[in-house]
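Convention: sequence-line order gives letters A, B, ...; per-chain numbering from 1. Everything quoted here is computed from the prediction, not taken from an experiment.
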Amino acid sequence: MSEREPVLVMRGIGKRFPGVVALDGVDLRLFPGEVHALMGENGAGKSTLIKVLTGAYHHDQGDITLGGEPVAFAGPHQAQQAGISTVYQEINLCPNLSVAENVLIGRAPTRFGRIRWSAMRRRAEELLARLQLSIDVGSDLGAHSIAVQQLVAIARALDVDAKVLVLDEPTSSLDASEVDQLFRVMRGLKDDGIAILFVTHFLDQVYEIADRMTVLRNGRRVGEYRTAELSQLDLVAAMIGKELAALEDIEEAPRREVAALERGTPVVSADGVGRAGAIAPFSLGIHKGEVVGLAGLLGSGRTEIARLLFGADRSDQGQIAVDGTPVTFRGPQSAMRHGIAYCPENRRTDGLVEELTVRENIVLALQAARGWARPVPRGRQDELVGRFVKALDIRPADPELPVRNLSGGNQQKVLLARWLITEPRLMILDEPTRGIDVGAKAEIQRLVVELSDGGMAVLFISAELEEVLRLSHKVAVLRDRRLVTELENTDGLDLDRVMAAIASGGAT
Amino acid sequence: MAVALARRQMERWRGSREPRGSDGMSNLVRHRLFWPVAMLLLLLVGNLAFTPGFFAIELRDGHLFGALIDILRQGAPLMLVALGMTLVIATGGIDLSVGAVVAISGALACQQISQLGDQGAVGGVLVAVALALLLCAGLGLWNGFLVGVVGIQPIIATLILMIAGRGVAQLITGGQIINVNSPPYKAIATGFLLAVPVPVIIAAALVAVVALVTRRSAFGMLLESVGGNAGASRLAGIRSRQLIIIAYVACAVCAGVAGLMVSSTVSSADGNNAGLLIELDAILAVVIGGTSLLGGRFSIAGTVVGALLIKTLDTTIYTIGIPPEVTLLFKAVVVVVLCLVQAPAFRARFARRRPTAEVSA
């Protein structure tokens with residue numbers, strides 16, 4: 001295969017957004033008749049790369065050649081004309097139009113300016129037949145399953161004589177048999193000589209369908225591999241990377257003493273709790289003074305577990321219990337009444353109210369629990385805020401500053417302070433150390449240890465396995481939206497074993 | 001000076017901070033209300049050039065009279081509507097139905113009074129006023145329900161009542177203009193208490209109540225939180241539904257009081273024209289006052305200044321003798337200038353150009 005000329009070459013692609021380097025010198029090659037997986041965690045630059053390829057973004061550096069010719073797309077339409085078609089994760093079709101209209105909209109065969117409906121139906125049927133799909137093309141698209149809609153989107157993409165087909169997370173909302181159907185179609189297209197760029201979070205699917213893969217991390221290309229030559233373990237290692245260098249100056253804290261922990265009734269436990277499309281049913285118990293780490297790739301269902309335990313999403317099966325008593329959470333307020341706190345992964349969109357001050361952000365949860373008619377007296381606010389600004393070393397130490405003016409690490413501390421003043425019994429920390437500097441990171445890690453030593457139960461979520469291992473008594477491993485195994489953090493547990501569990505689905 | 005100002009403004013956006021009190025003048029300029037207040041003063045002083053006795057206030061028969069008093073009195077309904085609108089806009093919403101509510105409130109009050117045997121009976125008038133305000137509260141509840149519970153976009157949800165409300169007002173008045181002859185009702189708009197016009201007292205009292213309730217309780221902060229970031233507010237445990245409903249009810253009640261003033265001024269209820277387009281002036285007043293249409297931080301003082309500014313502008317148009325056929329255009333031009341002057345981005349650009357000109361000169 002590699003003797004052939006690549007149909008598409010992207011070389012040295014760079015893309016900057018204000019304050020962020022999204023892509024830095026990324027290379028990508030696609031050969032005709034191959035399925036090429038684009039791998040990387042959320043934020044690694046996959047979406048940006050695809051948007052550059054499809055003309056939605058302009059790259060700052062590098063060049064793209066298609067079929068040997070240098071190309072520069074002014075927009076998605078031009079890219080499509082040139083033979084690069086894309087099916088996005090969120091299907092952007094019109095459910096209220098017919099299948100045929102969706103396949104051919106904007107390109108309908110016309111005579112004297114009028115649409116030739118019968119020709120249009122025939123053409124749509126031909127295109128769908130190529131995908132081994134026989135449905136009534138006159139029916140409304142919305143009446144069909146997501147999988148069929150996905151295939152219709154692909155048919156629409158193929159109509160433009162595609163050389164390159166980009167499938168962005170096409171399987172995320174499909175069940176197993178639907179995935180099989182999609183893969184059959186993909187193999188057929190591959191045999192026709194189309195190059196398919198396939199983006200997914202599911203490792204098994206990559207190994208089932210992809211010939212080669214390109215791995216991105218933090219906007220850079222880690223490497224290009226043949227699927228057959230890269231083990232799942234190496235792939236996970238390539239995607240996660242090891243940023244040990246950045247953490248070396250943090251003192252190596254001794255491993256948590258699992259033996260010292262008294263495990264009675266868990267503070268919070270989940271029994272078969274799940275939510276369709278988000279996380280498969282899982283069982284998990286978190287005890288007083290215990291830190292439970294959630295390990296797994298981004299998108300593996302870690303945040304989904306956190307949101308279910310906090311009542312931010314409703315579970316559709318299973319039972320959550322607090323101190324062994326079954327409870328039903330109608331929303332975050334009811335979880336808060338049971339002493340559960342949640343620092344979300346995305347501080348800026350889900351956590352802080354940026355235009356409010358540090359003080360207001362810190363008292364927000366406490367005030368919400370009391371209701372608006374019973375304000376926390378200003379003196380008490382100042383006392384609480386002053387205490388936590390000092391204890392967490394929030395800088396600048398001015399409670400009346402808008403919180404948007406603070407650095408990421410200090411914003412994270414404000415969020416922690418918000419929940420600490422509610423004196424929770426279970427603290428859920430979703431990526432509390434992401435995007436903050438090393439010093440603040442070490443402080444937050446120390447804080448987690450102190451809190452759990454003081455008897456608080458902590459659910460600790462982080463993409464950095466070293467951190468999870470250092471802080472947790474127990475590590476729950478997630479993969480493909482499923483809790484696959486729980487590992488006690490005893491002497492036998494190390495990074496390799498956790499990575500192996502992530503890669504293999506817990507079969508160690 | 002201009003460069004320094006612009007730079008300081010830029011630094012403020014970037015988040016760095018000046019030591020406090022380093023420069024009294026620049027602190028004054030940086031105050032949120034500096035530009036609206038400056039524009040208001042400019043407009044008032046401008047009037048003085050055309051009307052020499054513009055600032056004169058005299059006490060006649062124990063009543064205060066003067067151009068400034070007129071602005072306050074005539075501006076009271078707009079100020080009230082804008083007051084309620086401020087709360088709704090703080091949630092990130094908008095209420096287009098306030099004009100219709102103004103009409104409904106006046107219509108119901110006048111209809112009730114016209115049924116009275118003795119239209120001069122204070123008790124009967126009070127009952128009529130209470131009924132009108134109760135109905136307005138109900139209408140606010142309806143808006144709040146559509147936005148907060150059903151989840152319809154505020155502009156659409158309140159558009160329903162904006163249109164339908166005019167119909168309701170006409171139903172109440174039976175399609176006619178109802179005239180009343182009730183001295184107690186007339187007093188709402190034209191009376192005096194301790195030499196001060198009654199509408200000014202009512203507006204001041206309501207502004208004070210709303211300011212106290214929002215800032216002394218946690219209502220204001222939670223409202224700003226919901227308007228600033230609804231998702232984060234939910235995850236902090238705030239029940240936004242309740243807050244949103246209260247905001248719409250308060251807004252409708254404020255509009256209801258304004259409606260009583262409007263119909264009391266002319267002692268009649270006109271379902272078609274009472275409060276026509278007042279919602280737009282009210283939204284403008286809120287925005288001039290520095291509250292973002294995106295929701296979040298709100299300023300009641302700013303809204304008061306904004307409403308006074310708009311009313312002063314209306315007065316100015318009459319006093320300086322703008323021909324009637326160009327008054328609307330004139331107002332539009334002033335409003336555009338006003339918005340540009342207030343926009344920090346525009347001022348920064350303007351300030352950056354000036355020194356270049358000096359150098360080349």
Side-chain angles (χ1 to χ4, degrees), chain A residues 306-307 310-313 330-337 340-357 359-378 381 396 398 400-407 410 415 418-419 422 428 430, chain B residues 9-20 30 32 87 89-92 148-149 210 212-247 249-250 290-299:
Chain A
R307 289 179 65 92
F310 186 61
D313 293 329
R330 296 186 190 289
Q333 307 93 11
S334 24
M336 282 164 64
R337 268 199 299 278
I340 300 176
Y342 172 48
C343 287
E345 178 180 16
N346 199 331
R347 287 189 291 276
R348 296 184 55 197
T349 58
D350 299 336
L352 298 165
V353 184
E354 290 200 301
E355 58 187 306
L356 296 191
T357 64
R359 171 179 58 83
E360 289 170 319
N361 268 289
I362 291 180
V363 298
L364 203 56
L366 185 64
Q367 185 62 65
R370 290 167 66 105
W372 64 269
R374 288 173 55 225
V376 181
R378 185 54 192 263
Q381 285 188 27
D398 178 356
E400 298 309 315
L401 209 58
V403 81
R404 72 153 61 91
N405 292 6
L406 271 58
S407 70
N410 283 296
L415 205 49
R418 173 192 292 175
W419 291 110
T422 67
I428 304 172
D430 195 350
Chain B
Q9 188 73 45
M10 297 297 293
E11 278 166 3
R12 198 153 68 106
W13 290 334
R14 290 211 199 94
S16 68
R17 262 164 62 91
E18 304 279 308
R20 269 196 192 141
R30 282 190 300 170
R32 272 205 295 186
L87 300 181
I89 288 180
T91 67
V149 180
V210 171
L212 272 178
V213 167
T214 51
R215 294 306 176 196
R216 284 298 156 124
S217 78
F219 187 77
M221 186 187 90
L222 295 185
L223 208 60
E224 286 173 339
S225 175
V226 169
N229 188 339
S233 299
R234 175 171 178 266
L235 288 181
I238 298 174
R239 265 157 291 201
S240 58
R241 181 176 292 182
Q242 189 192 15
L243 297 170
I244 288 172
I245 290 176
I246 293 175
V249 169
T291 301
S292 163
L293 278 180
L294 297 174
R297 282 278 188 230
F298 66 90
S299 164

Asker: Is it the side chain or the backbone of Leu223(B) that comes within 4.5 Å of chain A heavy atoms, both, or neither?
Answerer: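 Contact with chain A involves no heavy atom of Leu223(B) at all.
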Asker: In terms of heavy-atom proximity below 4.5 Å to chain B, should Arg418(A) be classed as side chain, backbone, both, or neither?
Answerer: side chain
Asker: On a heavy-atom basis, which atom in Pro375(A) and which in Arg216(B) lie closest, and how many Å separate them?
Answerer: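 Smallest interatomic distance, heavy atoms only, reads CG-O, 3.4 Å.
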Asker: So which part of Arg378(A) gets closer than 4.5 Å to some heavy atom of chain B, the side chain, the backbone, both or neither?
Answerer: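 The answer is neither part of Arg378(A).
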Asker: Grab the two heavy atoms, one from Arg337(A) and one from Arg239(B), that are nearest each other, plus how far apart they are.
Answerer: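 So the minimum-distance heavy-atom pair works out to NH1-NH1, 4.2 Å.
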Asker: Counting heavy-atom pairs under 4.5 Å to chain B, which of Thr349(A), Asn346(A), Thr422(A), Leu415(A) comes out on top?
Answerer: Thr349(A)
Asker: For the pair Glu355(A) (side chain) and Arg297(B) (backbone), establish whether a donor and an acceptor sit closer than 3.5 Å, ignoring hydrogens and angles.
Answerer: yes
Asker: How close do Ala232(B) and Gly351(A) get, heavy atom to heavy atom, and via which atoms?
Answerer: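 It is CB-O, 3.3 Å.
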Asker: To the closest 0.5 Å, what do you measure between OG (Ser217(B)) and CZ (Arg370(A))?
Answerer: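 That separation rounds to 12.0 Å.
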Asker: Compare every heavy atom of Gln333(A) with every heavy atom of Ile238(B), then report the nearest pair and how far apart it is.
Answerer: O-NE2, 3.8 Å
Asker: Do Leu356(A) and Glu224(B) have side-chain heavy atoms sitting under 4.5 Å apart?
Answerer: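 A side-chain contact under 4.5 Å exists here.
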Asker: Can you check whether Leu222(B) reaches Leu364(A) side chain to side chain, under 4.5 Å on heavy atoms?
Answerer: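 Yes, at least one pair of side-chain atoms sits under 4.5 Å.
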Asker: Around atom CZ of Arg234(B), are there more than 12 heavy atoms from other residues, nucleotides or ligands closer than 6.0 Å?
Answerer: yes
Asker: Short question: side chain of Asn229(B), backbone of Leu352(A) - any donor-acceptor pair under 3.5 Å?
Answerer: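 At least one qualifying donor-acceptor pair exists.
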